[in-house]
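Note sheet for the following structure.
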Amino acid sequence: MIKKFLDLGLQPLANKYLTKKDLLKKKVEYYYHLEVGFNTTSKLVSILNTVPSKKMFDKKYPYRASMSQTMLNSFKQLSYSIKKNFKPKVLMEIGSNDGSFVKNFDKKKVVCVEPCIDVGKVTQKMGYKTFLNFWNMKLSKKIKSKVNTVDLIYSANTLSHIKDLNSVFKSIFHILSKDGVLIIEDPSLLECFKKGSYDQFYNEHIYIFSLLSLSYLLKKHHLEVFNIEKLTTHGGSLRYYIKKTNNHKFKINKNVKKQLKHEIRFGLNKFSTYLKFKTKVENSRKKLIDIFTKLKNKNKKIIGYGATAKVNTVLNYCKIKSETVDYFLDTTPSKVGKYMPGTHLYVQKYTKTLSNQTDYIFLGAWNFKKEIFKKEKKYLKKGGKFITHVPFPKII
Ligand code: JHZ
């Protein structure tokens, strides 16, 4: 049974940045009701009203993983460890985006899967075999007919974006070699709950996994987690190392049991925990609105930093518009010069002169706080302030 625990209201598609022409034409934006539920059997957390994949991941998808040095470093480190520990002959990435991960591997050994045409063309241009398709059994069979089995499959922040998880794992099982390894990473539900980062919920994040829910799912498909790694990326993620259950080459690491214990101790298996989270989110909204209102009453100028997909959940849920935040700075060329979904806040090209621009900066890319604070030492030194909503709304 799926029990609803959170209602974040009507929301536009998080990555649908609008052009000036769209605004002038008064383009009608697609809205969906962002409600989140907990499956009491599988313990899986999901949004309740999903949006068709083709509407979300089209040829103009703006997200580029390479916009963050933190992500590039994380991919590089993982690639060293994969080469050392698994030595794959054929490696496939599902959701290869702009090649930030695969660029660390020999082109002859790699297969990329990327349904967003514009970004998929980037890896094609780099010389990587790229299938511009959604991941499913049809594609799995097609790729298998060309490369035979794959011995390492990697997928970061992608599987949680696909509604039919049974089909996902079935088609992975189909192409994964007997001793092959599947590595996936996605935001961790435990971290999301600890940090109160309710902005992890938006149309693309159909699921927020816990080890608890993922293990339940994998079991149905004769797969199991044999190792995990805690990552700081994307606000706290888990990297899961998965094998076929009849693959005895890898032993199950103790940290798997430990993580399961943590999750249960925290209460991720109990609906009451979800209701507590709901209250936390509602309080977070009140507090954030209060901070903004007080600053605006003092005529302070506020801009945003990092026009993330996530922050659109916060802005639309808290109804923060251009009366409060003047614009958002971002480095991504495919977002710059456009307007944020729902709120229509302008995305301005990032420039280093922060101190001359504003009194306060709302940190949309809070997950890159460390990287950004390092970059913005000068602004901070001059007394520049940031506003964040994670782990609770405050001024830093
Ligand atoms: P970032 C996207 O989410 C969408 P988003 C997707 N659904 C997902 O799961 C994750 O990625 C993986 C900018 N920036 O990575 C760049 C600066 O301007 O948190 C990006 O627009 N300056 C696939 O969008 C944004 O912030 C900087 O110094 O929530 C970061 O977006 C840095 C570091 C970033 O993902």
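In each ligand, atom 1 is the first atom listed, and ligand 1 is the first ligand listed.
- Taking every non-hydrogen atom of Thr332 and a distance limit under 4.0 Å, the qualifying atoms of ligand 1 come out as 16 (C), 20 (C), 21 (O).
- At least one heavy atom of Tyr63 sits under 4.0 Å from some atom of ligand 1.
- The N/O atoms of Ala309, backbone and side chain alike, include one that comes under 3.5 Å of an N/O atom in ligand 1.
- Considering both main-chain and side-chain atoms, Glu371 never comes within under 3.5 Å of ligand 1 through any nitrogen or oxygen pair.
- Each of the following atoms of ligand 1 lies closer than 4.0 Å to a heavy atom of His161: 6 (C), 7 (N), 8 (C), 9 (O), 23 (C).
- Between Asp7 and His33, the side chains place a donor N or O and an acceptor N or O closer than 3.5 Å (distance only, hydrogens not considered).
- Atoms of ligand 1 lying under 4.0 Å from any heavy atom of Phe368, numbered from 1 in the order shown and given with element: 1 (P), 15 (O), 19 (O), 30 (C), 33 (C).
- Distances between N or O atoms of Asn367 and those of ligand 1 include at least one value under 3.5 Å.
- One side chain, Asn73 or Gln69, offers a donor N or O that lies under 3.5 Å from an acceptor on the other.
- A donor and an acceptor atom, one from each side chain of Glu204 and Tyr61, are located under 3.5 Å apart.
- Using a 3.5 Å distance cut-off with no hydrogens or angles, the side chains of Thr19 and Asp22 do pair a donor with an acceptor.
- Using a 4.0 Å cut-off between charged side-chain N and carboxylate O, Glu224 and Lys219 make no salt bridge.
- When non-hydrogen atoms are compared, ligand 1 lies under 4.0 Å from the side chain of Ile372 (C-beta onward) but not from its backbone.
- Heavy-atom proximity to Glu204, at under 4.0 Å, picks out these atoms of ligand 1: 4 (C), 6 (C), 7 (N), 23 (C).
- Under 4.0 Å is where a charged nitrogen must lie from a carboxylate oxygen, and between Glu282 and Lys286 no such pair does.
- Contact annotation: the side chain of Ile302 approaches that of Lys296 to within less than 4.5 Å [non-hydrogen atoms, C-beta and beyond].
- In this structure, Lys310 is not positioned above the aromatic face of Tyr202 in the sense of NZ or CZ being under 6.0 Å from the six-membered ring centre and within 45° of the axis.
- No side-chain heavy atom of Val225 sits less than 4.5 Å from a side-chain heavy atom of Asn253.
- At a 4.0 Å cut-off, at least one heavy atom of His205 sits close enough to ligand 1 to count as contact.
- For atom 29 (O) of ligand 1, the nearest protein heavy atom (residue, atom name, distance) is Lys310 NZ, 2.7 Å.
- Every atom of ligand 1 is numbered from 1 in the order shown, and the set under 4.0 Å from a heavy atom of Tyr61 is 4 (C), 6 (C), 7 (N), 23 (C).
- When ring centroids are compared, Phe193 and Tyr274 come within the 6.0 Å threshold.
- The single protein non-hydrogen atom nearest to atom 32 (C) of ligand 1 is Met67 O, 4.1 Å, given as residue, atom name and distance.
- Here the protein heavy atom with the shortest distance to atom 3 (O) of ligand 1 is Tyr202 OH, 3.3 Å.
- Remark: minimum distance from atom 30 (C) of ligand 1 to any protein heavy atom is reached at Thr308 CG2, 3.5 Å.
- There is a side-chain donor-acceptor pair under 3.5 Å between Gln357 and Thr351.
- Proximity annotation for atom 20 (C) of ligand 1: of Val347, Asp330, Thr331, Asp186, Asp330 comes nearest, heavy atoms only.
- When non-hydrogen atoms are compared, ligand 1 lies under 4.0 Å from the side chain of Tyr305 (C-beta onward) but not from its backbone.
- By the criterion of a heavy-atom distance under 4.0 Å, the side chain of His234, and not its backbone, is placed next to ligand 1.
- Residue contact check for ligand 1: Arg64 places no non-hydrogen atom closer than 4.0 Å to it.
- Judged as a ring-ring contact (aromatic ring centres under 6.0 Å, His included), the pairs with a partner in residues 326-351 (not counting sequence neighbours) are, in order, Tyr305-Tyr350, Tyr339-Tyr346.
- Lys375 NZ, 3.4 Å is the protein heavy atom nearest to atom 27 (C) of ligand 1.
- With a 4.0 Å heavy-atom cut-off, ligand 1 is reached by no atom of Tyr17.
- Inspection of the Thr123 and Thr130 side chains reveals an N or O donor paired with an N or O acceptor under 3.5 Å.
- Taking 4.0 Å as the cut-off, Phe373 does not count as a neighbour of ligand 1 on heavy-atom distance.
- Shown in contact with Asn157 at under 4.0 Å from a heavy atom are these atoms of ligand 1, numbered in order with element: 9 (O), 12 (C).
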*From CA spacing to verdict: salt bridge (charged side-chain N to carboxylate O under 4.0 Å, His left out), Lys16, Asp58*: CA-CA 10 Å; Lys16 283 277 177 272; Asp58 56 12; 3.0 Å; yes

*Going through the distances and angles, do Tyr198 and Tyr317 end up as a ring pair (Phe, Tyr, Trp, His ring centres under 6.0 Å)?*
CA-CA 10 Å; Tyr198 63 90; Tyr317 176 57; 5.4 Å; yes

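- Close contacts of ligand 1 with Lys335, meaning ligand atoms under 4.0 Å from a residue heavy atom, involve 20 (C), 21 (O), 24 (O).
- Per-residue contacts place Gly306 under 4.0 angstrom from the following atoms of ligand 1 (heavy atoms of the residue considered): 26 (O).
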